[in-house]
Number of protein chains: 2
Amino acid sequence: MSETRVAADALRRFISLVLSANGLSEESAATVARLMTTADLIGQDGHGVFRLAQYVRRLKAGGINPAPKFTLLEDYPASAVVDGDNAMGHLVMNHAAELALEKARRCGVAWVGSRNSNHAGPASLYAMKALQEDMIGLYVAVGSANHMPPWGGTDMLLSTNPIAVAIPAAERPPIVLDMATTVAAYGKVKTAVQRGEMMPEGWMIDRQGNPLLDPNKSAEGFLLPIGGPKGYGLSLVFGILAGVLNGAAFGRNVVDFNADSKTRTNTGQFILMLNIAAFTDPAEFRSSIDEVWTEMKSSARLPGVDDIRLPGERLDATRRERTTHGIPVPATLLAVLDDLADENRVARIER
Amino acid sequence: MSETRVAADALRRFISLVLSANGLSEESAATVARLMTTADLIGQDGHGVFRLAQYVRRLKAGGINPAPKFTLLEDYPASAVVDGDNAMGHLVMNHAAELALEKARRCGVAWVGSRNSNHAGPASLYAMKALQEDMIGLYVAVGSANHMPPWGGTDMLLSTNPIAVAIPAAERPPIVLDMATTVAAYGKVKTAVQRGEMMPEGWMIDRQGNPLLDPNKSAEGFLLPIGGPKGYGLSLVFGILAGVLNGAAFGRNVVDFNADSKTRTNTGQFILMLNIAAFTDPAEFRSSIDEVWTEMKSSARLPGVDDIRLPGERLDATRRERTTHGIPVPATLLAVLDDLADENRVARIER
């Protein structure tokens with residue numbers, strides 16, 4: 001598949017223009033554009049500019065509020081609930097994460113939940129905001145479409161409800177875990193369709209409980225949780241913490257934002273920030289994380305394995321490479337973005 | 001296997017007497033005995049009175065301090081680090097959980113970590129302390145022996161590092177998730193040995209990466225994480241949060257407390273308490289959790305599945321049954337406990 005390398009700055013400016021053209025203030029457009037571009041820089045290709053057309057569809061259909069006003073529904077010294085007024089999820093969670101950082105500075109830990117939010121891109125974006133200031137971030141979201149039944153069931157009541165945790169190191173890259181509670185995220189199924197590949201056993205089963213291997217038939221089955229009932233339990237509990245507790249959608253109330261551009265999703269998320277200084281000396285802690293890296297890396301390996309990887313290692317390498325050489329945009333996506341430029345009367349991406 | 005039903009109160013009194021005979025104060029012995037008995041009542045047979053002989057071995061060998069003095073190493077409005085002075089883990093985490101409840105009442109959320117703690121029984125015990133007062137509890141521990149390498153490796157640097165989350169309902173039982181980050185907890189391997197059964201594929205592999213099915217050969221291999229690299233990531237991150245952040249043991253520093261009764265383990269754990277009133281009306285929240293139960297239960301089912309279960313459902317049923325009919329103690333374990341009684345000059349368990 002042919003692809004073009006686009007400089008991060010050019011991509012960021014383009015996203016910002018398109019969002020401004022759809023009613024976002026200059027500041028809001030810039031914030032979302034920065035976060036979406038970061039998603040592409042760190043290799044989260046399914047959660048960056050790839051989503052722009054979908055976001056614009058929602059903005060035009062009234063499914064996202066371009067000019068929201070956030071409200072603090074609850075406000076305790078170390079916790080809060082933000083009503084996002086149906087804003088773009090990036091704005092809600094960026095705000096929530098900043099509030100959590102501020103509270104954690106004073107209190108040691110803080111937890112801020114959201115309701116009336118929307119899809120906010122990759123989970124790691126918000127957890128990683130902790131890394132700016134000697135904190136550890138943990139983010140959980142109710143996914144924006146249900147792809148999984150409860151264990152043993154066939155009604156799709158649960159989403160992939162992802163978790164991300166970001167932990168700073170000293171010389172080494174930060175440890176960044178960003179994972180769905182399903183064996184494969186739904187994006188991987190879409191990628192298999194694009195590539196004309198079959199899925200490995202263990203990703204999906206059909207309604208009779210048989211392995212589903214053809215990604216074109218994904219509508220006939222559902223994703224499997226990691227560790228069977230354990231992943232089901234994690235998805236359920238994360239959904240309650242990020243959704244029910246915040247008065248956000250969960251279970252049958254989750255709106256499939258791929259199929260519906262108009263209905264308010266009432267997406268829920270939460271961000272937890274841990275102030276390392278409230279536990280130990282941050283410099284010492286960072287050095288300990290370097291030691292964890294070294295210890296894991298130096299483990300003897302299984303036959304055929306040439307390296308032990310730490311969560312966040314590939315993310316960091318991708319960011320370095322793409323910062324230097326630009327973000328690879330496949331020809332099909334570039335065509336979509338050019339159409340988007342024309343429709344919204346903004347300049348096409350420079351290349 | 002023949003078994004005797006022992007009333008919870010009789011078991012609790014017995015454990016308390018044995019611990020008192022080994023230097024614990026009356027109050028401390030009573031607290032540990034209550035928590036250990038609760039472990040048996042909720043069906044966590046591998047983490048209740050089954051462990052008593054091992055704890056006594058450690059107490060006699062100087063591996064646990066019977067008369068500890070807890071110190072608050074760090075103390076922020078919503079967080080703290082407790083130095084457990086090498087006490088029994090139950091005492092450290094009971095104290096930490098109470099401190100977290102108190103802080104969460106004022107701050108909305110609280111996170112209390114431990115160092116110089118020890119094995120504290122099942123993770124759910126401490127998460128469930130939240131249920132006394134309209135809170136949600138989340139507990140994570142560094143396991144007390146390493147049974148897993150980093151993904152792709154063969155050096156056992158990681159433990160099963162479990163997580164427990166407890167969420168109150170109204171009429172329904174609370175949702176209680178209590179899970180290891182490995183497909184099977186190590187206790188399940190031991191049970192397979194006792195029963196003379198082979199293990200299913202997916203629990204363990206050997207050092208060549210081949211499935212290991214004979215539980216008698218478990219020393220030749222290691223446990224597999226849930227979801228492959230995902231479970232490895234969870235175990236790593238939980239280990240950092242419960243261990244490294246608290247200045248507790250992690251990686252090569254973890255002492256295998258099954259093999260060594262003398263060396264200070266410096267076990268780390270943390271408990272997070274969320275005050276539901278800081279998010280929404282607790283009564284409404286509890287009703288919403290009842291609705292989650294109903295929604296999951298009413299899902300259509302896969303062929304051959306007769307019920308959808310929620311995490312905590314079996315725990316609740318077991319507790320009810322054992323509260324009424326007593327705790328089943330296998331003959332082999334009862335013999336061990338009788339020996340323990342004689343050695344420590346306390347009365348044998350009433351039956």
Side-chain angles (χ1 to χ4, degrees), chain A residues 74 76-79 81 106-111 113 136 149-155 157 165 167 175 177 179 183 207-209 226-227 230-231 233-234 236-237 240-241 244-247 250-252 274-276 278-280 285 288-289 292 295-296 299-303 305 307-309 311, chain B residues 74 76-79 81 106-111 113 136 149-155 157 165 167 175 177 179 183 207-209 226-227 230-231 233-234 236-237 240-241 244-247 250-252 274-276 278-280 285 288-289 292 295-296 299-303 305 307-309 311:
Chain A
E74 300 285 348
Y76 272 59
S79 72
V81 183
R106 286 195 310 272
C107 293
V109 63
W111 176 304
I136 293 169
W151 186 244
T154 59
D155 289 357
L157 297 171
V165 182
I167 301 170
I175 289 178
L177 179 72
M179 53 169 267
V183 175
R207 287 188 177 75
Q208 281 66 52
I226 54 170
K230 293 185 180 184
L234 284 177
L236 179 76
V237 160
I240 290 171
L241 294 175
V244 179
L245 185 65
N246 296 324
F250 177 76
R252 289 194 202 281
L274 263 180
N275 182 351
I276 295 167
F279 291 81
T280 184
F285 177 78
S288 305
I289 299 303
V292 169
E295 192 165 274
M296 297 297 147
S299 164
R301 297 185 297 271
L302 285 167
V305 172
D307 192 19
I308 307 279
R309 271 215 292 259
Chain B
E74 299 285 349
Y76 272 58
S79 72
V81 182
R106 287 195 310 273
C107 294
V109 63
W111 176 304
I136 293 169
W151 187 244
T154 59
D155 288 357
L157 297 172
V165 183
I167 302 171
I175 290 177
L177 179 72
M179 53 171 267
V183 175
R207 287 189 177 74
Q208 281 66 51
I226 55 170
K230 293 185 179 185
L234 284 176
L236 179 76
V237 159
I240 290 170
L241 293 176
V244 179
L245 185 64
N246 296 324
F250 178 75
R252 289 194 201 280
L274 263 180
N275 181 353
I276 295 167
F279 291 82
T280 185
F285 177 79
S288 305
I289 299 303
V292 169
E295 191 166 272
M296 297 297 146
S299 164
R301 296 186 295 272
L302 285 167
V305 172
D307 192 19
I308 306 279
R309 271 214 293 257

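Below, chains carry the letters A, B, ... as their sequence lines are ordered, and counting in each starts from 1.
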Among the options [options], pick out the one with the most heavy-atom pairs lying under 4.5 Å from chain A.
options                       : value
B/C107, B/S79, B/S288, B/P303 : B/C107
B/P77, B/G247, B/G231         : B/P77
B/G153, B/A300, B/G113        : B/A300
B/V305, B/N246, B/V109        : B/V109
B/I276, B/L234, B/I175        : B/L234

Closest approach of [X] to [Y] (non-hydrogen atoms, all atoms of both residues):
X      : Y      : answer
B/G251 : A/E295 : CA-OE2, 3.1 Å
A/T280 : B/L245 : CG2-O, 4.0 Å
B/A278 : A/E74  : O-CB, 3.1 Å

Quiz prompt | Approximate separation, where rounding is to 0.5 Å, of B/T154 OG1 and A/L302 CG | solution = 6.0 Å

Looking at chain B, which one of [options] has the largest number of heavy-atom pairs inside 4.5 Å, strictly under?
options                        : result
A/G108, A/G152, A/G209         : A/G152
A/N275, A/V237, A/V165         : A/V237
A/V183, A/I226, A/I136         : A/I226
A/G227, A/A110, A/A78          : A/A78
A/K230, A/R301, A/R309         : A/K230
A/I167, A/I289, A/L274, A/L241 : A/L274

For a 4.5 angstrom cut-off between non-hydrogen side-chain atoms, does [X] reach [Y]?
X      : Y      : answer
A/F285 : B/V244 : yes
B/L157 : A/S299 : yes
B/Y76  : A/F279 : no

Quiz item: chain A heavy atoms under 4.5 Å from B/R252: which part of the residue, side chain, backbone, both or neither?
Solution: both

Quiz item: With a 4.5 angstrom heavy-atom cut-off, which part of A/W151 approaches chain B: side chain, backbone, both or neither?
Solution: backbone

Exercise. Report the C-alpha separation of B/L236 and A/V292 in whole Å, then their side-chain angles, then the decisive distance to 0.1 Å, and conclude whether the side chain to side chain contact (heavy atoms under 4.5 Å, CB included) test is met.
Key: CA-CA 9 Å; B/L236 179 76; A/V292 169; 3.9 Å; yes

